[in-house]
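All residue numbers refer to positions in the sequence shown, counting from 1.
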Amino acid sequence: MAMMRAIGLMSGTSLDGVDIALIETDGQALKVAKGHNNFLEPLGPTGYRGYSDAEKALLRAATKDAESVVRPDDRPGRLPEAEAFVTQAHAEAVERFLAENGLSPSDIDVIGFHGQTVIHRPDHRITIQIGDGQALASRLGIPVVSDLRRADIEAGGQGAPLVPVFHKALAEASGMEGPFGILNIGGVANATLVDSNGGVIAFDTGPGNALIDEWMQERENKNLDDGGRTAARGRPDEQLLAWLLTHPFFFRKPPKSLDRNWFSHKLAGQLSTEDGAATLTAFTARAVARALDHAPEIPTRWIVAGGGARNGELVRLLTYHLRAEITTADAIGWSSAYLEAQAFAFLAVRSLQGLPITFPATTGVREPISGGVLSRP
């Protein structure tokens with residue numbers, strides 16, 4: 001198959017903004033170049049469009065309103081307003097990205113549009129990522145693949161995680177061999193485990209940055225715990241941690257996915273700012289360690305991506321609890337910040353080609369299936 005130029009768009013559950021990434025792929029292999037020490041050169045240009053405080057407040061309100069959803073097409077409360085905003089913000093982000101990189105719409109074959117997750121309840125066959133794919137395609141003049149989770153949910157899968165097939169392509173491009181793990185820490189954390197025979201399982205491990213970010217917003221009016229410095233000054237509440245880790249989610253065998261609303265930062269509300277940050281950071285790390293209960297082969301190396309890769313205290317705790325070599329994605333030529341956006345560009349091309357994007361060992365779907373809704377300009 002011919003290589004295609006695809007843009008991926010990701011707005012995660014941390015509600016910080018829109019990540020944009022351009023890659024070239026045929027949906028199976030990635031167009032890459034090797035640099036020093038055989039590390040990958042960047043796959044392509046990236047960009048970012050942050051959300052203002054008012055925009056974040058709208059998305060938080062929409063997520064709250066989504067709790068009353070009973071059907072996939074329900075849009076109660078502020079969801080219609082939020083959906084229009086998400087579409088507009090993504091369109092603006094792409095237009096600026098194209099201008100900054102000297103590109104025109106005709107240079108791009110497809111856009112992978114994740115949208116904004118406001119509810120994810122696979123056990124009820126509901127997952128909603130707001131954002132109007134057709135409106136985006138019409139405005140930009142570029143085909144758009146969106147709603148990438150629904151087909152998997154309707155076929156009995158968890159609808160998440162979607163990135164493992166991209167993780168595997170990246171690992172193959174880097175010449176990596178198992179056993180290793182790839183840990184993406186966004187609002188929710190997910191792991192892809194590759195064994196020494198190339199077998200893959202993947203699942204959400206638990207909360208990622210979302211609880212830590214919300215804690216810092218409430219206590220310090222900050223968007224995040226920069227570098228994990230607040231957590232490093234605190235002491236985790238061991239009794240609370242032990243209780244949190246008895247949640248039924250951690251005893252379920254993979255594949256499994258997490259609704260980010262299952263846990264709240266308010267569970268640490270009686271603690272000091274430092275101790276609460278330490279507890280919630282430790283919760284993320286220990287939840288990942290619990291993932292090893294389900295690993296067919298214990299990884300000897302982990303590659304950490306997502307916003308959590310910039311949290312030094314979280315990476316320190318992961319190193320301690322996982323008892324393995326920990327490397328950030330950036331350190332091997334991958335992109336910690338834009339890996340998920342790159343993944344959705346990859347998935348859009350796979351969707352166009354009719355290739356599967358979810359698998360029994362990653363989402364629990366009965367058989368490998370493709371997914372996504374194609375909107376043409």
Side-chain angles (χ1 to χ4, degrees), residues 9-18 51 54-91 111-139 144-162 186-188 190 204 207-208 210-211 214 248-249 252 255-264 266 340 344 347-348 351 357-358 363-366 369-376:
L9 302 172
M10 180 66 196
S11 180
T13 50
S14 55
L15 305 180
D16 55 348
V18 181
Y51 293 146
E55 291 165 349
K56 292 177 185 177
L58 170 61
L59 293 176
R60 283 194 292 269
T63 301
K64 181 70 174 175
D65 290 340
E67 292 176 10
S68 64
V69 163
V70 294
R71 292 178 299 273
D73 295 322
D74 287 351
R75 295 293 186 272
R78 299 191 73 181
L79 278 169
E81 179 187 356
E83 186 152 44
F85 158 68
V86 166
T87 307
Q88 177 180 327
H90 282 70
I111 291 174
F113 178 31
H114 177 267
Q116 182 68 54
T117 297
V118 291
I119 191 166
H120 182 71
R121 293 179 179 166
D123 293 344
H124 295 87
R125 300 285 175 92
I126 293 175
T127 186
I128 297 176
Q129 289 72 46
I130 55 174
D132 187 331
Q134 184 59 63
L136 188 65
S138 297
R139 173 166 168 171
V144 170
V145 174
S146 60
D147 209 3
L148 284 145
R149 300 185 188 275
R150 188 183 297 204
D152 185 81
I153 288 275
E154 291 176 346
Q158 291 284 307
L162 293 183
V188 170
N190 59 72
D204 289 346
L211 303 187
E214 289 168 355
F249 175 79
R252 287 173 52 189
K256 57 183 179 178
S257 63
L258 181 73
D259 187 315
R260 54 107 60 222
N261 296 318
W262 283 355
F263 297 98
S264 169
K266 295 183 183 300
E340 283 196 297
F344 282 94
L347 291 170
S351 178
I357 63 173
T358 57
T363 68
V365 70
R366 289 184 296 274
I369 63 168
S370 192
V373 175
L374 175 62
S375 301
R376 297 192 180 277

TODO: List the atom of Gly371, the atom of Ala151, and the distance in Å for their closest heavy-atom pair.
DONE: CA-CB, 4.0 Å
- [ ] Indicate the atoms forming the closest heavy-atom contact of Leu59 with Ala82, along with that distance.
- [x] CD2-CB, 4.3 Å
TODO: Please report the shortest heavy-atom distance between Ala155 and Ile369, naming the atom on each side.
DONE: CB-CD1, 3.9 Å
- [ ] Starting at CD1 of Ile128, measure out to CZ of Arg149 and round the result to the nearest 0.5 Å.
- [x] 13.0 Å
- [ ] Kindly indicate whether the side chain of Val188, heavy atoms from C-beta on, has any atom under 4.5 Å from the side chain of Trp262.
- [x] no
Open item on the list: For a 4.5 angstrom cut-off between non-hydrogen side-chain atoms, does Asp74 reach Ile126?
Closed with: no
TODO: Would you check if Ser11 and His90 make a side-chain contact, meaning some heavy-atom pair closer than 4.5 Å?
DONE: yes
Task: Partner set under side-chain contact (heavy atoms from CB on, under 4.5 Å) for Asp123, not counting sequence neighbours - done: Gln158, Arg252
Task: Spatial distance of atom CG (Asp152) from atom CZ (Arg366) [nearest 0.5 Å] - done: 10.0 Å
Open item on the list: If I compare all heavy atoms of Pro255 with all of Thr363, which pair ends up nearest, and what's the gap?
Closed with: CB-C, 3.4 Å
Task: All side-chain contact (heavy atoms from CB on, under 4.5 Å) counterparts of Ile357, not counting sequence neighbours - done: Leu148, Leu347, Arg350
- [ ] Could you please spell out the steps behind the side-chain contact (heavy atoms from CB on, under 4.5 Å) verdict for Leu15 and Gln116?
- [x] CA-CA 8 Å; Leu15 305 180; Gln116 182 68 54; 3.2 Å; yes
- [ ] Would you check if Phe263 and Leu258 make a side-chain contact, meaning some heavy-atom pair closer than 4.5 Å?
- [x] yes
Open item on the list: Is any side-chain heavy atom of Thr127 closer than 4.5 Å to one of Pro122?
Closed with: no
TODO: Taking the side chain as every heavy atom from C-beta outward, state whether Ser375 and Phe113 have any atom pair closer than 4.5 Å.
DONE: no
Task: Test side-chain contact (heavy atoms from CB on, under 4.5 Å) applied to Arg75 and Ile130, step by step - done: CA-CA 9 Å; Arg75 295 293 186 272; Ile130 55 174; 4.1 Å; yes
Open item on the list: Taking the basic N atoms (NZ, or NE/NH1/NH2) and the acidic carboxylate oxygens, is any pair closer than 4.0 Å for Arg139 and Asp132?
Closed with: no
Task: Intermediate values then yes/no, side-chain contact (heavy atoms from CB on, under 4.5 Å), Leu79 and Val69 - done: CA-CA 10 Å; Leu79 278 169; Val69 163; 4.3 Å; yes
Open item on the list: Side chains of Arg121 and Glu67, heavy atoms from C-beta outward: is any pair under 4.5 Å?
Closed with: yes
Open item on the list: Side chains of Ile153 and His120, heavy atoms from C-beta outward: is any pair under 4.5 Å?
Closed with: yes
- [ ] Indicate whether any N or O donor in one side chain lies under 3.5 Å from an N or O acceptor in the other, for Gln134 and Ser138.
- [x] yes
Task: Residues that His114 engages under ring-ring contact (aromatic ring centres under 6.0 Å, His included), provided they are two or more places apart - done: Phe344
Task: Pro161 versus Lys256, closest heavy-atom pair with distance - done: CD-O, 4.5 Å
Task: Closest non-hydrogen atom pair between Ser257 and Phe249, with its separation - done: O-CE1, 3.6 Å
